[in-house]
Amino acid sequence: MRRPGWFRIPSRPGRRLVAVFAVFVLLPGVVLGVFALKALRQETLLAQTQVRQRLQSVADQTGRDVARDFRQWQEALVSIVRQKSADTGSLPETVRQAVGSPGFGVVVRLDEQSLNALPPGQLLYIPPSVSIPNIPPRPLPASIAPIEIVELVEKDYLRASRLYKDLLHSSDAESRPLILHRLARTYRKAGRLNDAVRTFRELEHSASTGTGQLPLDLVAGSELCSIAAEQGNTDELAVSLMAFYRDLTGGKWLLEEPRYAYYADRCQSWSRESPVTADEFRRLQAIEIEKLALTRAVEEFLTKPSAVLRVGSRTHLAFWQNDPLAAIVLSESFLESRWWPRVFSIGEEQDLAAALRSSDGRQALGFFPENAPPFAVMSTIQVGESQWHLQVWPRDPDVLYSDLKQKQDLYMGMLIFIVAFLGFGSYITARTVRRELEIGRMRADFVSTVSHEFRSPLTGIRQLGEMLVYGRVRDEGKRHQYYGMIVRESERLGRLVENVLDFSRMEEGRKEYRFVPLDTTAWLRGVVEDFQSESAGDGVSITASIPEALPQVSADGEALRCAVRNLLDNAVKYSPDTKTVWLDACAKNGRVTISVRDHGVGISEQDRKHIFDKFYRVDGPISQKVKGAGLGLSLVQHIVAAHGGTVECASREGEGSAFSIRLPATPPAAGG
Ligand code: ADP
């Protein structure tokens with residue numbers, strides 16, 4: 001015989017569920033997670049090895065290119081030195097390309113303390129350690145001396161200018177610039193500025209010769225600027241200044257450093273006084289900066305020859321030899337803007353950074369980081385005697401293995417999902433297990449309660465029956481009372497059995513209702529009368545207020561009676577000090593409300609949330625005394641819900657409770 005569903009006691013479902021969950025879900029999950037992590041680690045190692053190999057091949061390739069170019073420059077230098085008198089045109093192609101642009105590079109050779117620089121004009125001044133080319137001063141024509149006395153001693157500028165002018169007519173081409181210079185100078189002193197300007201202009205275009213070390217065209221150029229500035233003729237100043245500054249930065253004159261610095265400084269201050277074309281002036285300034293750095297590098301090289309030359313923050317490379325001391329000096333600008341992008345093009349493409357260092361630890365190119373960056377690889381370059389170290393590393397290591405990153409994200413995502421899923425699964429399992437255990441416990445309680453419930457009426461009936469059967473009760477009145485008690489006890493037993501069966505049917509979904517239109521007033525009065533007469537023996541009284549002609553409801557009269565009876569039973573059971581309970585009915589808003597009230601123990605707010613749960617019984621002294629299985633209210637709710645109604649409880653601890661069933665009224669038939 002199949003036992004009803006509610007009667008089955010769960011056989012430790014908790015442990016079984018936990019075991020099943022652990023074996024089939026948790027264990028595979030953990031194993032999967034461990035595998036994913038291992039796979040991820042292997043992928044990472046593989047990707048790192050690949051990245052390192054790729055970087056090493058870039059570094060090696062670049063190292064080979066660097067060595068090739070360094071060797072070419074070194075060899076070129078040897079061949080340049082071998083040709084005694086070299087000019088720019090005779091420079092080997094590789095060198096010509098390197099030193100072609102202003103400030104990019106220069107080939108220098110020291111012959112008996114005099115410096116040869118190719119191409120000319122790359123150096124802005126002659127480094128102090130080198131003697132200035134000794135051009136013997138041009139002998140002055142004898143006829144100049146007396147005029148100079150008039151000019152310099154007598155300070156008769158008008159006469160002196162006339163005399164110079166006369167001398168100019170009879171002078172030869174060689175002494176002409178010398179006389180022009182004096183004539184212009186005298187005009188200036190005489191205040192004949194226009195004549196002075198004209199004469200300086202003429203001098204400016206004559207050959208670049210000089211007395212001592214100061215070329216006359218330089219003097220003329222600077223004087224023209226100075227006169228224009230003095231006259232406040234800013235347009236004129238701008239024109240003269242641009243011409244003069246172009247020559248100065250073009251390296252037209254090889255001056256001593258202080259002289260160069262003086263004129264460069266003058267140019268800057270004149271530029272502030274005149275409307276020079278800003279772009280052009282700035283272009284010349286930029287050239288000047290480049291050449292100045294190169295000149296300083298050469299200066300440093302001549303002081304202490306070395307392959308890596310540092311000037312301020314700039315690094316120059318020198319390929320050099322002794323006997324005679326000669327070098328190709330290449331500027332940082334050239335190396336970084338022209339040479340390196342060519343040599344390191346693959347590296348640039350792959351967004352790699354690199355740094356080059358000579359074996360003595362001098363930074364040659366880029367910045368050699370103190371601590372090797374991630375994935376840094378090294379290549380050693382041997383050129384002749386010297387050794388260089390090239391380090392290459394990714395600017396952004398993440399980009400290098402973005403594929404791996406994607407995989408990593410995927411694995412991580414999966415792992416997180418698994419962990420979250422397992423976590424959620426564990427939570428759900430734990431909750432289910434807890435509930436199952438709770439229900440199991442409740443069912444166990446229920447069984448013992450129900451057995452107890454069955455036992456007491458049965459014991460009562462048996463004892464009373466025995467007394468009556470064996471004729472131990474002689475008093476007729478008493479006998480009558482005992483018969484009544486037997487009937488009531490068996491009715492109570494019957495109701496209990498009915499409740500349990502109903503509950504079982506509802507649990508299994510087998511409960512069927514037969515809805516018929518119910519005359520609510522008559523039906524409810526019948527329920528009250530039955531209850532009254534059944535419990536009159538216990539001294540219980542029911543105060544009912546049922547209006548005439550309540551609207552009809554569509555209901556299963558028997559089931560609904562069971563619901564109301566349960567409420568009335570409870571009202572009586574949980575009112576130990578009062579023997580009266582109240583039943584009110586009313587119709588409002590298309591609903592019929594049946595309320596059962598008592599002045600009993602009441603129900604706390606916390607318990608009110610659970611009293612409709614199956615097997616739920618309020619914990620407390622009253623529940624110990626009062627018999628019950630925790631099924632009554634659960635049944636009431638089930639029945640009322642099947643009727644499309646609701647049941648509510650209002651209560652105050654110690655004051656009493658009111659349970660209200662609200663049912664939809666059947667609309668009156670049309671015309672009725
Ligand atoms: P029981 O068989 O225990 O009466 P019920 O489902 O009918 O089971 O009721 C559940 C619990 O609600 C009861 O144990 C009781 O504590 C409480 N309860 C129900 N009706 C009342 C009431 N009228 N007054 C106070 N407590 C009540």
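Predicted, not measured: the structure shown is a model, and the values here were computed from it. Numbering of ligands and ligand atoms starts at 1, following listing order.
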S604-D607 side chain donor-acceptor pair, cut-off 3.5 Å: yes
Close residues, ligand 1: non-hydrogen atom nearer than 4.0 Å: N570, A571, K573, Y574, D598, V601, G602, I603, I611, Y616, R617, V618, G628, A629, G630, L631, G632, L633, S657, F659
K511 to Y513, cation-pi by 6.0 Å centre distance and 45° axis angle: yes
Which residues share a side-chain hydrogen bond (donor to acceptor under 3.5 Å, both in side chains) with R64, sequence neighbours left out: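 With neighbours one apart ignored, the set is Q61.
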side-chain hydrogen bond (donor to acceptor under 3.5 Å, both in side chains) partners for K573, two or more places apart: none
Neighbour count above 12 (heavy atom, 6.0 Å) for M412 CE: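 Not buried by this count: 12 neighbours or fewer within 6.0 Å.
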R342: salt bridge (charged side-chain N to carboxylate O under 4.0 Å, His left out) partners, not counting sequence neighbours: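 Salt bridge (charged side-chain N to carboxylate O under 4.0 Å, His left out) check on R342 returns D69.
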